[in-house]
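Note sheet for the following structure.
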2 protein chains.
Amino acid sequence: MTNSNLTTRDKVLAAALRLFTAKGYFSTSMRDITHESAVSTGSVYHYFKDKEGVASALYQTTVARMCSEFEAIINRHESAHDRCRAVIALLLQLAEQEPDSMSFMLYTKHREFLPLERPVCSSEPFNMMRSMVETGIQRGEIVEQDVVVASSCLFGPAIRLITSHLDGILQHPPGHYLDQLWRCSWKAVS
Amino acid sequence: MTNSNLTTRDKVLAAALRLFTAKGYFSTSMRDITHESAVSTGSVYHYFKDKEGVASALYQTTVARMCSEFEAIINRHESAHDRCRAVIALLLQLAEQEPDSMSFMLYTKHREFLPLERPVCSSEPFNMMRSMVETGIQRGEIVEQDVVVASSCLFGPAIRLITSHLDGILQHPPGHYLDQLWRCSWKAVS
DNA sequence: GTCTATACGACGATAGAC
DNA sequence: GTCTATCGTCGTATAGAC
């Protein structure tokens, strides 16, 4: 079940991610995490201050990874059109390949157990998405309007589709809808 | 704080709604609910089987109310265009006037504590939204395409904007963006 | 660094008087 | 229907050996 050439710390994080998305943070006990990860209580508390520390580390990791993916996209593409399309493609692909990460990222009310974190909406990745839209408006690719509205129109549909996928009401894998989705999303703001 | 011409049951529900949206279901104890509602433990358990029963009643009420609002919209308007616009206007207005209800409806992972309920996405109101889109496609108002994609494009932006509002990153009240938002959303699918 | 055993507190739920 | 007092459970976190 758990890949054994992971460090103890990573085994805990992987187990926690599976359990948090499956049962939710509060319904997951530290016991569950020790069992699922096959790591003892003592070791878990050696690497993490407390249960919140586990969740926090998971959150930081996910956000950091998202940021670096987005940076790569920004470097690879110049126009807002290409950047935003790449972001949506990435999101759909991640939803397909790593539904747990995606679910933890989008679906989890982190505020309930990570009071120190800002809401997902104002986390770095979302800021980057908004700033892509902003430069798109400056370059004249996107029609002049409120940035939050334009961002909602561009990325809202994709996020909605992904939550539909995570809820299991999508017939095909998310990536299957990319072209259709992008055509509509871009038409909305251009 | 609590309106005193409410029945005991309703005082409990009102307090629970405030607390659930503010702190989350699991971080809200029955003690919190008794204090906030100024109702004793015994009375709370007289009206509700357990803590889950409180959440369940709250969920049923919210969904039922949404359904009747949507039915009224369907009766008032004939075209998919008008119906969908009215739904979005309603959602924005509710987000403004009753952020707690809206937050509980959209933002809460009900599955974590209401295992019997279907996910929000497949709850009745969301089904009604999808079916409005479906008739819109049949009538030729909306371009022929997958219903889930079209629904995501039409309603996803509004939902995204509302969560932005609930996260506090909106400068104006949600209703302020209605025209802008609707123009983009409808352009995406028509 | 890893483990087992355990202390401690909090919470949900009940009992039973009024 | 409403209340107070209380019980039992469960889960987090620590202590301390190896």
Side-chain angles (χ1 to χ4, degrees), chain A residues 1-59 104 108-117, chain B residues 1-59 104 108-117:
Chain A
M1 170 134 295
T2 301
N3 195 331
S4 53
N5 55 9
L6 289 173
T7 69
T8 303
R9 194 188 131 96
D10 285 338
K11 281 200 281 186
V12 173
L13 286 178
L17 177 61
R18 280 194 297 273
L19 291 165
F20 288 168
T21 58
K23 320 179 13 171
Y25 175 81
F26 291 100
S27 301
T28 300
S29 69
M30 286 301 254
R31 278 181 104 90
D32 293 335
I33 295 179
T34 57
H35 286 145
E36 174 85 6
S37 62
V39 167
S40 70
T41 314
S43 287
V44 173
Y45 279 94
H46 174 74
Y47 287 103
F48 304 96
K49 182 174 169 289
D50 51 19
K51 187 179 169 186
E52 200 176 302
V54 178
S56 181
L58 213 44
Y59 183 79
F104 184 74
T108 304
K109 292 185 69 179
H110 306 94
R111 313 276 336 223
E112 282 188 14
F113 50 90
L114 296 178
L116 290 175
E117 297 296 341
Chain B
M1 170 137 293
T2 302
N3 194 332
S4 53
N5 55 9
L6 289 172
T7 68
T8 303
R9 195 187 130 98
D10 285 338
K11 280 200 281 185
V12 173
L13 287 178
L17 177 61
R18 280 195 297 274
L19 291 165
F20 288 168
T21 57
K23 319 174 20 167
Y25 175 80
F26 291 100
S27 302
T28 300
S29 68
M30 285 302 252
R31 280 181 102 88
D32 293 335
I33 296 179
T34 59
H35 286 146
E36 174 85 5
S37 63
V39 168
S40 70
T41 313
S43 287
V44 173
Y45 279 94
H46 175 73
Y47 288 103
F48 304 96
K49 182 175 171 290
D50 50 20
K51 187 181 171 184
E52 198 176 302
V54 179
S56 182
L58 213 45
Y59 183 79
F104 184 74
T108 304
K109 293 185 68 178
H110 306 95
R111 312 272 343 215
E112 281 188 15
F113 50 91
L114 296 177
L116 290 174
E117 297 296 342

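Since the structure is predicted, the reported quantities are computational estimates derived from the model, not experimental observations. The figures here come from the full heavy-atom set of this structure, side chains too, leaving out hydrogens, waters and symmetry mates. Chain letters run A, B, ... following the sequence lines, proteins first and then strands; every chain starts at 1.
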For this session: Write down the distance between CD (Glu52(B)) and P (dA13(C)), rounded to a whole number of angstrom.
Result: 9 Å
For this session: Indicate whether OP1 or OP2 belonging to dT2(D) is found under 4.0 Å from a side-chain N or O atom of Tyr47(B).
Result: yes
For this session: For the side chain of Thr41(A), starting at C-beta, report the closest nucleotide among dG12(C), dT2(C), dA13(D).
Result: dA13(D)
For this session: Would you mind reading off the distance between Phe48(B) atom CZ and dT14(C) atom C1', rounded to a whole angstrom?
Result: 18 Å
Exercise. Checking all strands, does Thr28(B) fall into the base, sugar-phosphate, or nothing category for heavy-atom contacts under 4.0 angstrom?
Worked result: sugar-phosphate
Problem set entry | Contact nearer the 5' end of DNA chain D, comparing Ser29(A) with Gly42(A) | Ser29(A)
Exercise. Whole Å only: how far is the OH atom of Tyr45(B) from the C1' atom of dT4(D)?
Worked result: 15 Å
For this session: Give the nucleotide from the list dA13(C), dT2(C), dA13(D) with an atom nearest to the side chain of Ser40(A).
Result: dT2(C)
Seminar exercise, completed: Taken to the nearest whole Å, CZ/Phe26(B) to P/dG12(C) is 11 Å
Exercise. Would you say His46(B) reaches dG1(D)'s phosphate, i.e. side-chain N/O to OP1/OP2 under 4.0 Å?
Worked result: yes
For this session: Using whole Å, report how far CE of Met30(A) lies from P of dC8(C).
Result: 20 Å
Exercise. Between atom OH of Tyr45(B) and atom OG of Ser40(B), what is the distance when rounded to the nearest 0.5 Å?
Worked result: 11.5 Å
For this session: Flag the pair Arg18(A) and Glu36(A) as a salt bridge only when some basic side-chain nitrogen lies within less than 4.0 angstrom of an acidic carboxylate oxygen.
Result: yes
Seminar exercise, completed: The reported gap from CG in Leu17(A) to CG in Asp10(A) (rounded to nearest 0.5 angstrom) is 12.0 Å
For this session: Can you tell me which residue pairs pass the ring-ring contact (aromatic ring centres under 6.0 Å, His included) test with a partner in residues 12-44 of chain B, sequence neighbours excluded?
Result: Phe26(A)-Phe26(B), Phe20(B)-Tyr25(B), Tyr25(B)-Phe113(B)
Seminar exercise, completed: Of Ser43(A) and Arg31(A), the one whose nearest nucleotide on DNA chain C sits closer to the 5' end is Ser43(A)
Exercise. When the distance from CG of Asp50(A) to C1' of dG11(D) is rounded to whole Å, what number comes out?
Worked result: 13 Å
For this session: Compare all side-chain heavy atoms of Leu13(B) with those of Phe48(B) and state whether any distance is below 4.5 angstrom.
Result: yes
Problem set entry | Below 4.0 Å: OP1/OP2 of dG1(C) and any side-chain N or O of Thr8(A) | no
Seminar exercise, completed: Arg9(A) atom CZ is separated from dT2(C) atom P, nearest whole Å, by 12 Å
Seminar exercise, completed: Lys51(A) atom NZ is separated from dC10(D) atom P, nearest whole Å, by 15 Å
